[in-house]
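The next block holds one structure in the form of structure tokens; read it before the comments.
Reckoned from all heavy atoms, side chains included, excluding hydrogens, waters and symmetry mates. Remember, it's 1-based here, ligands and their atoms both numbered in the order they're listed.
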Amino acid sequence: MKKNFLPIAINIAGEKILIIGGGQSAWKKIHILKRFGADVEVVALEVCDEIRNSGILYRQKSYEKQDLKGYLMFYSCTNNPDLDRQIAQDGREAGVLVNIHDQPELCQFVSPAIYQQGNIRVAVSSNAEDVFESIRLRNEIKDYLENKNKKQ
Ligand SMILES: C[C@@]1(CC(=O)O)C2=NC(=C\c3[nH]c(c(CCC(=O)O)c3CC(=O)O)Cc3[nH]c(c(CC(=O)O)c3CCC(=O)O)/C=C3\N/C(=C\2)[C@@H](CCC(=O)O)[C@]3(C)CC(=O)O)/[C@H]1CCC(=O)O
Ligand SMILES: NC(=O)c1ccc[n+]([C@@H]2O[C@H](COP(=O)([O-])OP(=O)(O)OC[C@H]3O[C@@H](n4cnc5c(N)ncnc54)[C@H](O)[C@@H]3O)[C@@H](O)[C@H]2O)c1
């Protein structure tokens, strides 16, 4: 069935979120999730220096299905498409929300391009069809809001 993503806002402050994989893609996700107060943990064969030095809890090991237990959701950022397909299936079976890096057809949720001004958050999504258009439009909205504030 064709994907049809509902944009919702989800509270992640203090919620346990797992990242599988420890490269730069994982680090970008972690950075955003920490900004919103999530309790982020990592499972990866290898982690990059940024993750190693961040104070985040990481377990250096090969992924296993039981690693998903107890998390609200997870992001898989491995460099192995076959493993990602398995992880997507495991997540559905375990009832933990699935995101597979840059593979929207395997995802239960995707991330919009965001702009935040205090409690106002603007999120632009393209139903995972055109992320560059999402980013472009978010930047236009950001410019609009910042100019409007300057005039006030
Ligand atoms: C908005 C943002 C949020 C975030 O990631 O948190 C986000 N991507 C960001 C950045 C970014 N993404 C890409 C580059 C190019 C450079 C690079 O390749 O590294 C950069 C720029 C960069 O990295 O700086 C390439 C890319 N991304 C996806 C694919 C695959 C595909 O489209 O199929 C391809 C290959 C496309 C191609 O080459 O054609 C897929 C997704 N990207 C999404 C979100 C989701 C859909 C959102 C929607 O509905 O529009 C989804 C499905 C991921 C998901 O959520 O699962 C974040 C904005 C950062 C900011 O705020 O500025
Ligand atoms: N770096 C980027 O900006 C970027 C952009 C677009 C797409 N991608 C794609 O996103 C994916 C991740 O990118 P990256 O640059 O972070 O990759 P990376 O190779 O730096 O990191 C992959 C991570 O997955 C881990 N991993 C692999 N197999 C594992 C297993 N069995 N168990 C546990 N951990 C395992 C590795 O240890 C490593 O930490 C790749 O598929 C890449 O092609 C990356």
Side-chain angles (χ1 to χ4, degrees), residues 1-13 15 17-38 40-92 94 96-118 120-146:
M1 197 187 284
K2 191 184 180 306
K3 292 281 180 184
N4 204 355
F5 291 101
L6 171 74
I8 59 170
I10 184 162
N11 174 40
I12 61 166
E15 295 287 350
I17 298 179
L18 181 68
I19 310 284
I20 304 160
Q24 286 304 316
S25 300
W27 177 240
K28 277 189 202 166
K29 295 286 178 210
I30 291 167
H31 198 71
I32 296 170
L33 295 169
K34 291 301 285 178
R35 215 154 42 85
F36 286 83
V40 184
E41 295 179 4
V42 175
V43 165
L45 289 173
E46 295 285 342
V47 297
C48 62
D49 290 343
E50 289 88 339
I51 295 175
R52 197 183 306 281
N53 299 326
S54 66
I56 287 169
L57 184 73
Y58 65 88
R59 281 171 288 152
Q60 210 159 334
K61 66 185 279 292
S62 181
Y63 161 82
E64 295 166 280
K65 185 176 180 181
Q66 66 194 38
D67 294 329
L68 302 180
K69 233 172 147 182
Y71 293 91
L72 172 68
M73 57 196 200
F74 71 86
Y75 296 79
S76 178
C77 304
T78 80
N79 48 7
N80 181 337
D82 292 335
L83 176 63
D84 278 339
R85 260 187 299 280
Q86 182 61 52
I87 294 174
Q89 193 185 319
D90 291 350
R92 284 169 176 275
V96 184
L97 285 173
V98 176
N99 180 274
I100 309 289
H101 187 260
D102 284 0
Q103 293 185 65
E105 67 288 351
L106 293 179
C107 290
Q108 287 181 305
F109 70 94
V110 293
S111 304
I114 53 182
Y115 174 62
Q116 182 177 0
Q117 226 174 51
I120 297 300
R121 290 101 206 264
V122 176
V124 182
S125 179
S126 65
N127 202 32
E129 293 289 338
D130 187 353
V131 63
F132 301 109
E133 178 62 8
S134 297
I135 293 171
R136 192 193 63 74
L137 202 52
R138 185 275 316 275
N139 291 341
E140 269 191 26
I141 295 168
K142 173 176 182 282
D143 290 345
Y144 167 77
L145 290 174
E146 287 181 353

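At least one side-chain heavy atom of V40 sits under 4.5 Å from a side-chain heavy atom of K34.
Side-chain contact check for Q117 and Y115: at least one donor-acceptor pair (N or O, by modelled atom type) lies under 3.5 Å. D90 and Q86 share a donor-acceptor pair across their side chains, judged by distance under 3.5 Å alone.
Of the candidates Q24, K61, K28, the one placing a heavy atom closest to atom 3 (O) of ligand 2 is K28. By heavy-atom distance, the residue among S25, C48, S62, G22 lying nearest atom 15 (O) of ligand 2 is S25. Ranked by closest heavy atom to atom 27 (C) of ligand 2, the top entry among I19, N79, N80, D82 is N79. Scanning V47, V43, L45 for the heavy atom closest to atom 29 (C) of ligand 2 points to L45.
Residue contacts with ligand 2 include L83, since one of its heavy atoms falls under 4.0 Å from the ligand. Under a 4.0 angstrom heavy-atom cut-off, D102 registers as being in contact with ligand 2.
Proximity of a side-chain donor or acceptor of D67 to a complementary backbone N or O of E64 within less than 3.5 Å is detected. Side-chain atoms of R59 never come within 3.5 Å of backbone atoms of V43 as a donor-acceptor pair (strictly under, hydrogens ignored). When atom types are taken as modelled, the side chain of N127 and the backbone of F5 share a donor-acceptor pair closer than 3.5 angstrom. Without hydrogens or angle criteria, E41 side chain to L57 main chain gives no donor-acceptor distance under 3.5 Å. With hydrogens and angles disregarded, a donor-acceptor distance shorter than 3.5 Å links the side chain of R52 to the backbone of V47. Side-chain atoms of K65 never come within 3.5 Å of backbone atoms of A94 as a donor-acceptor pair (strictly under, hydrogens ignored).
Remark: minimum distance from atom 8 (N) of ligand 2 to any protein heavy atom is reached at H101 CE1, 3.5 Å. Protein heavy atom closest to atom 37 (O) of ligand 2, with residue, atom name and distance, is E46 N, 2.9 Å.
Of all atoms in ligand 2, numbered sequentially from 1 with element shown, those under 4.0 Å from a heavy atom of Y63 are 30 (C), 32 (N), 33 (C). Ligand 2 places these atoms under 4.0 Å from at least one heavy atom of G23: 16 (O), 20 (O), 21 (O), 39 (O). Shown in contact with T78 at under 4.0 Å from a heavy atom are these atoms of ligand 2, numbered in order with element: 11 (C), 12 (C), 24 (O), 40 (C), 41 (O). For ligand 2, the atoms closer than 4.0 angstrom to any heavy atom of G21 are 23 (C), 24 (O), 25 (C), 39 (O).
Atom 42 (C) of ligand 2 is not flagged as protein-proximal [any protein heavy atom, distance under 4.0 Å].
In summary, of the residues considered (L97, V96, I19), a side chain to side chain contact (heavy atoms under 4.5 Å, CB included) with Y71 occurs for V96 alone.
Distance check, rounded to the nearest 0.5 Å: CD of E50 to CD1 of I56 gives 11.0 Å.
More than 12 heavy atoms of other shown residues, nucleotides or ligands fall within 6.0 angstrom of atom NZ in K61.
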Close N/O pairs between ligand 1 and protein, under 3.5 Å:
{"residue": "ligand 1", "atom": "5 (O)", "partner": "K29", "partner atom": "NZ", "Å": "3.1"}
{"residue": "ligand 1", "atom": "23 (O)", "partner": "K28", "partner atom": "NZ", "Å": "3.0"}
{"residue": "ligand 1", "atom": "27 (N)", "partner": "D102", "partner atom": "OD1", "Å": "3.2"}
{"residue": "ligand 1", "atom": "49 (O)", "partner": "S125", "partner atom": "OG", "Å": "3.0"}
{"residue": "ligand 1", "atom": "49 (O)", "partner": "S126", "partner atom": "N", "Å": "2.9"}
{"residue": "ligand 1", "atom": "49 (O)", "partner": "S126", "partner atom": "OG", "Å": "3.3"}
{"residue": "ligand 1", "atom": "49 (O)", "partner": "A128", "partner atom": "N", "Å": "2.9"}
{"residue": "ligand 1", "atom": "50 (O)", "partner": "S126", "partner atom": "N", "Å": "3.2"}
{"residue": "ligand 1", "atom": "50 (O)", "partner": "S126", "partner atom": "OG", "Å": "2.6"}
{"residue": "ligand 1", "atom": "50 (O)", "partner": "S134", "partner atom": "OG", "Å": "2.6"}
{"residue": "ligand 1", "atom": "55 (O)", "partner": "S111", "partner atom": "N", "Å": "2.7"}
{"residue": "ligand 1", "atom": "56 (O)", "partner": "N99", "partner atom": "ND2", "Å": "2.8"}
{"residue": "ligand 1", "atom": "61 (O)", "partner": "R138", "partner atom": "NH1", "Å": "2.8"}
{"residue": "ligand 1", "atom": "61 (O)", "partner": "R138", "partner atom": "NH2", "Å": "3.4"}
{"residue": "ligand 1", "atom": "62 (O)", "partner": "R138", "partner atom": "NH2", "Å": "2.7"}

